Protein chains: 2
Amino acid sequence: MDGPGRVRMADVARAAGVSVPTVSKVVGGRDGVAPATLARVQAAIDELGYQASLGAQGLRGRRSNAVGVLLAEFTSFTNELLMGVSDALGETGYELLAYSGGANGGAVGWERRSLSRIGGTLVDAAILVTPTVVSTDTQIPVVVVDPHFGPTDIPTVEGDNVAGAVAATEHLLGLGHRRIAHLAGREDLESSRRREQGFRTAMAGAGLAVDPASVRVGGYRRETSTAPALELLDRPDRPTAVFAANDESAVAVLEVAHRLGLRVPEDLSVVGFDNLPESALADPPLTTVAQPLREMGSAALTMVVDLLRGEEPPTRRLTLPTRLVHRSSTAPPARTAH
Amino acid sequence: MDGPGRVRMADVARAAGVSVPTVSKVVGGRDGVAPATLARVQAAIDELGYQASLGAQGLRGRRSNAVGVLLAEFTSFTNELLMGVSDALGETGYELLAYSGGANGGAVGWERRSLSRIGGTLVDAAILVTPTVVSTDTQIPVVVVDPHFGPTDIPTVEGDNVAGAVAATEHLLGLGHRRIAHLAGREDLESSRRREQGFRTAMAGAGLAVDPASVRVGGYRRETSTAPALELLDRPDRPTAVFAANDESAVAVLEVAHRLGLRVPEDLSVVGFDNLPESALADPPLTTVAQPLREMGSAALTMVVDLLRGEEPPTRRLTLPTRLVHRSSTAPPARTAH
DNA sequence: CTGTTAGCGCTTTCAA
DNA sequence: TTGAAAGCGCTAACAG
C-alpha cells in the first residue's frame, strides 16, 4: 500500500531539472517557458504519468477546470440528467464531478452544505439538481435544474410542468374520462404546484369541477403515495382515471389498483410524469409525460459554461417542452351500468 | 459575485473566540477540547453554516471521508452501478464523488489519470468502473467493477458472464434454433471473451459446430456493431438467432434486421446482455441477460469500505449471478421451406 | 525565461 | 486544554 507514492509536481521538476513553478506553467499551458524546457518538462510528465491533484490545484489556483453536479442522491432522474451533462461536456474541456453528500443528502440544506464543501475550491461552477432552497450569493456560477421553488434570479432549467400536466389531463379527457383524480406531489414544491395547476386548468377547460376528495398529496415518493392512492381509489364513486404527479407515485397507484382488483387500463387509467426508464417497465407500461431530462442536463451545462466564460446565457430561465408518451396504462373508461 | 465569501475555518474561529486548530478538532470530532469550548465552537459552526472544504481537508489531512467512483463516462450502465453504490453508502458516513475526466475519458489510461487526479487527496478510496488497465500499486484502496482484464489481485466485482452467456444461448437452443450467430464484444476485453466462451460452450453442449462466419466482432457499441451485424444477417443462409454481447450491439442487430425487412422475433430472434433500461424500450423489447448492476455497485462499496477499515473483504473476487430476462425479441424459428 | 517567496484552507505535531 | 508553527501540492506574484 506504500509503493512509490503519487507522482507530485516536485518529482516532475526533479526529473526535468527545473523548478516546480516551471512545471506548473507547463501544466497550466501558460507561456513564458523556453521551447527546449517545455519539451523536457513535457517528456518528464509523460514518462512519470504525472497528473495534477485536483484538490491542490483548486485550493491554490483560481480554477480547477471541473464542473460539479450536486445531488441529494443518485436516482434514475438524476442519472438521466447526468448523461445529458456528460453529453454537453464534450468540447468544453471541463471535467465532471458529481457529488452527493451521502446519508445526510436527504436533510434540508444539503444544497448549501454541498456547495460549501466542494464549491470554490474543487469546482469552478455548479449545477444544482432539484434543490429546495439556495442562497443567491454564491461565489461561483450556479445553475439550478428543476428547482423546488419559484422564480428567482438564479439561472434555471426546467421542464414545462404546466403544459405537461395539461396534456396529461386532456389526454384522459379525450379518452372520455370525467371522474379524474390527481395524486399531487408536495405543496411546498413548485413543480408539484405547477402540475396541479395544469390539471385544474385542463379540468376547468372541460367544464369539469374538481371534487376536493379527488385530490390527494402523494409527496412524489412511492412509499408516501400508497395511503393517499388508496383513499382515492377505495371508494364506491372512485375515479376512472388518475393523473399522478410523477412516475413514482403513479407506480404506487398501479400497485394499489392491483391490490384492489382493479385492472389497468380497463377499470382505471393512470398517467405519470417524468418518463423515467422504470415507467416503461411498469405493469402495464405507464403512459406518462416525458421531461427532456437529458436535454435539460445538456442545457444546464451549456448555461453554466457560458456563465464561466463571463457571457450572459441566452435565457436565465429555460423551460423545455414536455411531451406525452402513450403507453398502455390509459384507455377509454369502461361503460358503467348506471 | 463577490459577496461575503465562503465561510472558512478562520471565520468560525474568530466567531467562537478560539484558534483555528481548535475548530479543526471540533470539526474532526477529535477530543482534547473543553466541553464549554466545544459548545461555543459548535454554535459558531451552526450559525455560520460552516462546511469544511473537501479540497483543503483532503490535501492536508490523511482522509477526506469521500469515496470516488471513477468512470470513463456517464452511461446507463454506470448509472445503475452508481445507484447501487449510493444505496450502500447509507450508514457508512462516506460521501460519494463520481468523477469523469471529460472528453479524454475515452482515451486509454483514463483510469490511471483519474486516480492520480482525485486519488489520495480527494477520496480515501476508489471504485473503478470497467477499467481496461489498472496498476496494482495504488496508494488508496481500489475495487474494480466489471474489469476489462483477467484475474489480478485487485478486489473485483463482476457479473457471471459465462453463465449468463450459456443461459442466453441455451434459451435460443431450447426454442429450437440451430443457426445461432454471436455478435461479440472486443477480443481484448475479458467480459467479452467470457461471453463468447459461454456461447461456444453452450453450442458445443448441444453438439453444434460454430461456423466462423457466424461470429463477428461488434465492439460493444452501437455504431461499431452495425456493419458486423449486417455481415451476419445479409446472407442467404443467415442465422435464425443472434446472441449479442451486450444490449447496445443487440439494438444495432434490431436496427439492421429492420432495415433488411426481417421481423423480430418471427424471422430472427435476438438476445442481448446487461439489461440496461433501454433494452426494455427497444422495439421489440429485448430478451437479455440481466447483470445485477445495482447489487454490484453496493457490493463494490461494501468491499471498499471494508478495505478502508483495514478489514479483508470476504472475497477479493466477487461474481454475482446473472439472470435471463424474457421479453419479446425471441421466439421459435419459423419453419423453413427446405 | 527562470526560480524564489508566499500562501490557498486545512490538519498535525508539539510546546506552552 | 489550547495555540503557534509547519506543511500538504499547487499557483501567483515577483525578482533575478
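In what follows, chains are A, B, ... by sequence order, proteins preceding strands, each numbered from 1. Keep in mind it's a predicted model, so treat the numbers as computed, not measured.
- Per the geometry, CG belonging to A:Leu122 stands 19 Å off P belonging to D:dC8, to the nearest Å.
- One finds a side-chain N or O of A:Thr22 lying less than 4.0 angstrom from the OP1 or OP2 phosphate oxygen of C:dG3.
- Residue A:Ala56 is the one, among A:Lys25 and A:Ala56, whose nearest nucleotide of DNA chain D lies closer to the 5' end (criterion: closest heavy atom).
- Residue contacts shown for A:Thr37 are limited to sugar-phosphate atoms, with no base heavy atom under 4.0 Å away.
- Nucleic acid contact class of A:Val18 (heavy atoms, under 4.0 Å, all strands): sugar-phosphate only.
- Residue-environment remark: CZ (B:Arg221) stays at or below the threshold of 12 foreign heavy atoms within 6.0 Å.
- Here A:Gly32 lies in heavy-atom contact (under 4.0 Å) with a base.
- In this model, a side-chain donor or acceptor of A:Arg60 finds a partner on the base of C:dG7 within 3.5 Å.
- Between the CG atom of A:Leu59 and the P atom of D:dT11 there is a distance of 11 Å, given to the nearest Å.
- At most 12 heavy atoms of other shown residues, nucleotides or ligands fall within 6.0 angstrom of atom CZ in B:Arg62.
- Of the candidates D:dT11, C:dT12, D:dT1, C:dT12 carries the atom nearest the B:Ser24 side chain, counting heavy atoms from C-beta on.
- Within the 4.0 Å cut-off from OP1 or OP2 of D:dC10, at least one side-chain nitrogen or oxygen of A:Tyr50 is found.
- Within the structure, every side-chain polar atom (N or O) of B:Arg8 is placed at least 4.0 Å from both OP1 and OP2 of C:dC8.
- Set against C:dT11, C:dG3, D:dC10, the side chain of A:Pro21 has C:dG3 as its closest nucleotide.
- Atom CD1 of B:Ile118 and atom P of D:dG9 are 17 Å apart (whole Å).
- As a whole-Å value, the separation of A:Met9 CE from D:dC8 C1' is 14 Å.
- Of the side-chain N and O atoms in B:Gln57, one or more sit less than 4.0 angstrom from OP1 or OP2 of C:dT11.
- A:Leu38 places its CG atom 9 Å from the P atom of C:dT2, with the value rounded to the nearest Å.
- Between A:Tyr99 and A:Val69 the shortest side-chain heavy-atom distance does not fall below 4.5 Å.
- A:Gln139 places its CD atom 15 Å from the P atom of C:dC8, with the value rounded to the nearest Å.
- In this structure, CZ of B:Arg63 is placed 15 Å from C1' of C:dT12, rounded to the nearest angstrom.
- Classification of B:Asp153 and B:Arg316 as a salt-bridged pair fails, no side-chain N sitting under 4.0 Å from a carboxylate O.
- Residue B:Asp31 places its CG atom among 12 or fewer non-hydrogen atoms of other residues, nucleotides or ligands, all under 6.0 Å distant.
- Checking the phosphate oxygens (OP1, OP2) of C:dC8, no side-chain nitrogen or oxygen of A:Arg62 falls inside 4.0 Å.
- In this structure, A:Arg30 atom CZ and C:dC1 atom P are separated by 15 Å, rounded to whole Å.
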